[in-house]
Amino acid sequence: MEKESDKKYETMKKIMDALEDILCSYQGRGHQSVYVDLDSLALFTSLIAYRQIQVENYRYDYDDNIREDEEAGQIYRELAPQTRWRVGQHTQIELIRMNALKQLASLGTPIYQEQVYYADTGSTLVCGEILPYEIFQLFTDMPGMKKLYVFPYPFREKWKKPLYFSFEPKEAAREEMRKYVERKMEEMCRIIREKSEGISGIIPKVEDIF
(Lines give C-alpha, C1' and ligand atoms only; values in the text may rest on other atoms or scores of the structure.)
Protein backbone atom coordinates (compact mmCIF):
# COMPACT_ATOMS: atom_id res chain seq x y z
CA MET A 1 0.00 0.00 0.00
CA GLU A 2 1.37 3.36 -1.06
CA LYS A 3 2.23 5.67 1.80
CA GLU A 4 0.73 9.15 2.06
CA SER A 5 4.24 10.62 2.08
CA ASP A 6 5.05 8.83 -1.18
CA LYS A 7 1.94 10.28 -2.85
CA LYS A 8 2.85 13.74 -1.62
CA TYR A 9 6.39 13.38 -2.97
CA GLU A 10 5.12 12.22 -6.37
CA THR A 11 2.72 15.17 -6.57
CA MET A 12 5.42 17.67 -5.62
CA LYS A 13 7.87 16.13 -8.10
CA LYS A 14 5.32 16.37 -10.91
CA ILE A 15 4.74 20.05 -10.16
CA MET A 16 8.49 20.71 -10.04
CA ASP A 17 9.06 18.99 -13.39
CA ALA A 18 6.14 20.91 -14.91
CA LEU A 19 7.64 24.18 -13.64
CA GLU A 20 10.95 23.20 -15.26
CA ASP A 21 9.13 22.76 -18.59
CA ILE A 22 7.18 26.02 -18.24
CA LEU A 23 9.69 28.42 -16.70
CA CYS A 24 12.95 27.17 -18.22
CA SER A 25 12.08 25.84 -21.66
CA TYR A 26 14.42 27.92 -23.86
CA GLN A 27 17.65 26.07 -24.69
CA GLY A 28 20.93 27.69 -25.69
CA ARG A 29 23.29 30.18 -24.08
CA GLY A 30 22.23 31.15 -20.57
CA HIS A 31 19.84 28.21 -20.22
CA GLN A 32 18.57 27.95 -16.65
CA SER A 33 16.91 25.32 -14.46
CA VAL A 34 14.40 25.74 -11.65
CA TYR A 35 16.38 23.10 -9.77
CA VAL A 36 19.30 25.50 -9.33
CA ASP A 37 17.57 26.93 -6.23
CA LEU A 38 15.73 24.19 -4.38
CA ASP A 39 14.53 26.50 -1.59
CA SER A 40 12.56 28.82 -3.86
CA LEU A 41 11.40 25.88 -6.00
CA ALA A 42 10.08 24.05 -2.93
CA LEU A 43 8.15 27.12 -1.75
CA PHE A 44 6.70 27.82 -5.20
CA THR A 45 5.71 24.17 -5.57
CA SER A 46 4.00 24.01 -2.17
CA LEU A 47 2.07 27.23 -2.83
CA ILE A 48 0.77 25.71 -6.07
CA ALA A 49 0.05 22.32 -4.46
CA TYR A 50 -2.00 23.96 -1.69
CA ARG A 51 -3.79 26.17 -4.24
CA GLN A 52 -2.39 29.38 -2.88
CA ILE A 53 -1.28 30.14 -6.44
CA GLN A 54 -3.82 29.50 -9.16
CA VAL A 55 -2.29 28.15 -12.37
CA GLU A 56 -4.12 28.10 -15.69
CA ASN A 57 -3.02 27.08 -19.16
CA TYR A 58 -4.22 28.31 -22.54
CA ARG A 59 -3.85 26.84 -26.01
CA TYR A 60 -3.18 29.16 -28.91
CA ASP A 61 -2.51 29.00 -32.62
CA TYR A 62 1.09 29.99 -33.31
CA ASP A 63 1.26 32.28 -36.34
CA ASP A 64 4.38 31.68 -38.45
CA ASN A 65 3.49 34.74 -40.52
CA ILE A 66 3.02 37.06 -37.54
CA ARG A 67 5.26 39.72 -39.11
CA GLU A 68 2.50 40.31 -41.64
CA ASP A 69 0.04 41.03 -38.83
CA GLU A 70 -0.15 44.83 -38.70
CA GLU A 71 -1.48 45.01 -35.12
CA ALA A 72 1.14 42.67 -33.68
CA GLY A 73 3.89 44.44 -35.59
CA GLN A 74 2.85 47.83 -34.26
CA ILE A 75 2.73 46.63 -30.64
CA TYR A 76 6.16 45.06 -31.00
CA ARG A 77 7.73 48.15 -32.60
CA GLU A 78 6.33 50.47 -29.92
CA LEU A 79 7.45 48.23 -27.08
CA ALA A 80 10.89 47.25 -28.39
CA PRO A 81 12.65 50.60 -27.69
CA GLN A 82 11.73 50.27 -23.98
CA THR A 83 13.31 46.81 -23.79
CA ARG A 84 16.49 45.05 -24.92
CA TRP A 85 14.55 43.76 -27.92
CA ARG A 86 15.53 44.59 -31.49
CA VAL A 87 13.30 45.17 -34.48
CA GLY A 88 13.86 43.45 -37.81
CA GLN A 89 16.40 40.82 -36.76
CA HIS A 90 14.10 38.10 -38.13
CA THR A 91 15.00 35.61 -35.43
CA GLN A 92 12.77 32.90 -33.98
CA ILE A 93 12.55 34.63 -30.60
CA GLU A 94 11.18 37.74 -32.31
CA LEU A 95 8.33 35.66 -33.76
CA ILE A 96 7.64 34.06 -30.37
CA ARG A 97 7.49 37.47 -28.68
CA MET A 98 5.17 38.88 -31.33
CA ASN A 99 2.84 35.89 -30.97
CA ALA A 100 2.82 36.35 -27.19
CA LEU A 101 2.04 40.06 -27.48
CA LYS A 102 -0.80 39.33 -29.87
CA GLN A 103 -2.33 36.80 -27.49
CA LEU A 104 -2.33 39.34 -24.65
CA ALA A 105 -3.35 42.36 -26.71
CA SER A 106 -6.70 42.56 -24.89
CA LEU A 107 -4.93 43.26 -21.57
CA GLY A 108 -4.08 46.82 -22.55
CA THR A 109 -1.00 48.73 -23.71
CA PRO A 110 2.22 47.09 -22.51
CA ILE A 111 5.16 48.97 -21.03
CA TYR A 112 8.54 47.66 -19.92
CA GLN A 113 9.06 47.52 -16.15
CA GLU A 114 11.66 44.82 -15.51
CA GLN A 115 9.37 42.67 -17.64
CA VAL A 116 6.57 43.50 -20.08
CA TYR A 117 3.82 44.95 -17.89
CA TYR A 118 0.15 45.68 -18.58
CA ALA A 119 -0.71 48.34 -16.00
CA ASP A 120 -4.43 48.39 -16.85
CA THR A 121 -4.87 44.79 -15.74
CA GLY A 122 -1.89 44.34 -13.42
CA SER A 123 -0.48 41.61 -15.66
CA THR A 124 3.13 40.79 -16.49
CA LEU A 125 4.36 38.86 -19.53
CA VAL A 126 7.49 36.70 -19.52
CA CYS A 127 8.51 35.37 -22.89
CA GLY A 128 11.68 33.51 -21.98
CA GLU A 129 13.11 31.96 -18.83
CA ILE A 130 12.41 33.01 -15.26
CA LEU A 131 13.22 31.31 -11.95
CA PRO A 132 10.84 31.01 -8.98
CA TYR A 133 12.88 33.48 -6.91
CA GLU A 134 12.63 36.05 -9.71
CA ILE A 135 8.86 35.54 -9.74
CA PHE A 136 8.80 36.20 -5.99
CA GLN A 137 10.73 39.42 -6.56
CA LEU A 138 8.29 40.59 -9.23
CA PHE A 139 5.25 40.10 -7.02
CA THR A 140 7.08 41.70 -4.08
CA ASP A 141 8.46 44.73 -5.92
CA MET A 142 5.27 45.41 -7.91
CA PRO A 143 2.28 45.68 -5.52
CA GLY A 144 -0.07 46.36 -8.45
CA MET A 145 0.87 43.13 -10.20
CA LYS A 146 -1.95 40.58 -10.01
CA LYS A 147 -1.08 37.91 -12.56
CA LEU A 148 1.99 36.57 -14.35
CA TYR A 149 1.76 35.13 -17.87
CA VAL A 150 4.56 32.87 -19.08
CA PHE A 151 5.04 31.81 -22.70
CA PRO A 152 7.32 28.75 -22.85
CA TYR A 153 9.15 27.70 -25.98
CA PRO A 154 6.17 26.86 -28.23
CA PHE A 155 7.52 23.92 -30.23
CA ARG A 156 7.18 21.03 -27.80
CA GLU A 157 6.69 17.44 -28.95
CA LYS A 158 4.21 16.55 -26.23
CA TRP A 159 2.00 19.60 -26.85
CA LYS A 160 -0.33 19.36 -29.85
CA LYS A 161 -0.63 23.14 -29.85
CA PRO A 162 1.53 25.74 -28.08
CA LEU A 163 0.50 26.59 -24.53
CA TYR A 164 0.97 29.58 -22.31
CA PHE A 165 0.35 29.78 -18.58
CA SER A 166 -0.80 32.22 -15.92
CA PHE A 167 0.08 32.33 -12.23
CA GLU A 168 -2.18 34.27 -9.87
CA PRO A 169 -1.26 34.21 -6.16
CA LYS A 170 -3.67 34.74 -3.29
CA GLU A 171 -2.80 37.34 -0.67
CA ALA A 172 -1.39 34.68 1.67
CA ALA A 173 0.93 33.48 -1.11
CA ARG A 174 2.12 37.04 -1.81
CA GLU A 175 2.97 37.39 1.87
CA GLU A 176 4.98 34.15 1.81
CA MET A 177 6.84 35.39 -1.27
CA ARG A 178 7.59 38.71 0.41
CA LYS A 179 8.91 37.03 3.55
CA TYR A 180 11.09 34.74 1.46
CA VAL A 181 12.62 37.65 -0.51
CA GLU A 182 13.28 39.60 2.68
CA ARG A 183 14.89 36.58 4.33
CA LYS A 184 17.15 35.99 1.34
CA MET A 185 18.15 39.67 1.23
CA GLU A 186 19.07 39.59 4.93
CA GLU A 187 21.06 36.40 4.37
CA MET A 188 22.91 37.94 1.41
CA CYS A 189 23.75 41.09 3.41
CA ARG A 190 25.08 38.97 6.25
CA ILE A 191 27.30 36.96 3.91
CA ILE A 192 28.62 40.13 2.28
CA ARG A 193 29.48 41.59 5.69
CA GLU A 194 31.26 38.42 6.75
CA LYS A 195 33.18 38.14 3.48
CA SER A 196 34.22 41.80 3.49
CA GLU A 197 35.56 41.45 7.03
CA GLY A 198 37.49 38.36 6.02
CA ILE A 199 39.32 39.98 3.09
CA SER A 200 39.97 43.37 4.72
CA GLY A 201 43.57 42.49 5.53
CA ILE A 202 44.29 40.58 2.32
CA ILE A 203 43.51 43.16 -0.35
CA PRO A 204 45.52 46.34 0.26
CA LYS A 205 43.89 49.77 0.14
CA VAL A 206 44.83 52.15 -2.66
CA GLU A 207 46.56 54.62 -0.31
CA ASP A 208 48.77 51.81 1.00
CA ILE A 209 50.06 51.02 -2.50
CA PHE A 210 51.11 54.49 -3.59
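Just so you know, these numbers use all the heavy atoms, side chains as well, and skip hydrogens, waters and symmetry mates. Index from 1, following the sequence.
Note that OH of Tyr164 and CG of Asn57 are 10.0 Å apart. Values are rounded to the nearest 0.5 Å. The line from OG of Ser123 to CG of Leu104 is 7.5 Å long, rounded to the nearest 0.5 Å. Atom CG of Leu138 is separated from atom CD1 of Ile130 by 4.5 Å, given to the nearest 0.5 angstrom. Rounded to the nearest 0.5 Å, atoms OG (Ser33) and CG (Leu19) are 11.0 Å apart. Considering CD1 of Ile53 and CD of Glu176, their distance stands at 10.0 Å, rounded to 0.5 Å. Interatomic distance, Gln103 CD to Tyr149 OH, rounded to the nearest 0.5 Å: 11.5 Å.
Taking all atoms of both residues into account, the shortest heavy-atom contact from Asp21 to Pro152 is O-CB, 4.0 Å. Nearest heavy-atom pair across Leu101 and Leu79 is CD2-CD2, 3.8 Å.
With respect to Glu182 and Arg178, a salt bridge is recorded, a charged nitrogen being found less than 4.0 Å from a carboxylate O.
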Audit row: Tyr153, Ile96, side-chain contact (heavy atoms from CB on, under 4.5 Å) steps and yes/no: CA-CA 8 Å; Tyr153 188 72; Ile96 296 172; 4.0 Å; yes
Check against side-chain contact (heavy atoms from CB on, under 4.5 Å), Thr124 and Met142: CA-CA 10 Å; Thr124 294; Met142 300 172 66; 4.2 Å; yes
Worked check of side-chain contact (heavy atoms from CB on, under 4.5 Å) between Ile75 and Lys102: CA-CA 8 Å; Ile75 295 172; Lys102 183 178 180 180; over 6 Å; no
Candidate pair Gln92 and Glu94, rule side chain to side chain donor-acceptor pair (under 3.5 Å), full reasoning: CA-CA 5 Å; Gln92 188 182 66; Glu94 184 181 69; over 6 Å; no
side-chain contact (heavy atoms from CB on, under 4.5 Å) between Tyr133 and Val181, intermediate numbers included: CA-CA 8 Å; Tyr133 179 73; Val181 170; 4.1 Å; yes
Please tabulate, for the side chains in residues 35-44, all donor-acceptor contacts under 3.5 angstrom to protein atoms that are two or more places apart in sequence or on a different chain.
from  : atom 1 : to    : atom 2 : distance (Å)
Tyr35 : OH     : Asp17 : OD1    : 2.5
Asp37 : OD1    : Asp39 : N      : 3.3
Asp37 : OD1    : Ser40 : N      : 3.4
Asp37 : OD2    : Ser40 : OG     : 3.1
Ser40 : OG     : Asp37 : O      : 3.2

Identify all side-chain donor-acceptor contacts of residues 107-119 below 3.5 Å with residues at least two apart in sequence or on another chain.
from   : atom 1 : to     : atom 2 : distance (Å)
Tyr112 : OH     : Arg84  : NH1    : 3.4
Tyr112 : OH     : Glu114 : O      : 3.0
Tyr117 : OH     : Gly144 : O      : 3.4

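Side-chain atoms of Leu23 and Ile135, non-hydrogen and from C-beta on, do get closer than 4.5 Å to each other. Counting heavy atoms from C-beta outward, Phe167 and Val150 have side chains that approach closer than 4.5 Å. The side-chain heavy atoms of Pro162 and Arg59, taken from C-beta on, include no pair separated by under 4.5 Å. Side-chain contact between Glu171 and Glu175 is absent, with no heavy-atom pair separated by less than 4.5 Å. Put simply, the side chain of Met188 does not reach to within 4.5 Å of the side chain of Lys184, judged on heavy atoms.
Hydrophobic clustering of Ile, Leu, Val, Met, Phe, Trp and Tyr side chains at less than 4.5 Å, counting indirect connections, keeps Leu131 apart from Met12.
Looking only at distances, a side-chain donor or acceptor of Asp69 sits under 3.5 Å from a matching main-chain atom of Ala72. No donor-acceptor pair closer than 3.5 Å links the side chain of Arg97 to the backbone N or O of Cys127.
Aromatic ring centroids of Tyr62 and Phe155 lie under 6.0 Å apart. For Tyr26 and Phe151, the ring centers sit 6.0 Å or farther from each other.
A donor-acceptor pair shorter than 3.5 Å cannot be found between the side chains of Gln74 and Glu70. For the residue pair Ser25/Glu129, the side-chain donor-acceptor check at 3.5 Å is not satisfied.
Counting non-hydrogen atoms of other residues, nucleotides and ligands closer than 6.0 Å to OH of Tyr58 gives a total above 12. The neighbour count for Tyr50 OH, taken as heavy atoms of other residues, nucleotides or ligands under 6.0 Å away, does not exceed 12.
Within the structure, the salt bridge (Lys or Arg N to Asp or Glu O under 4.0 Å) test picks out the following pairs touching residues 141-153 (sequence neighbours left out): Lys147-Glu168.
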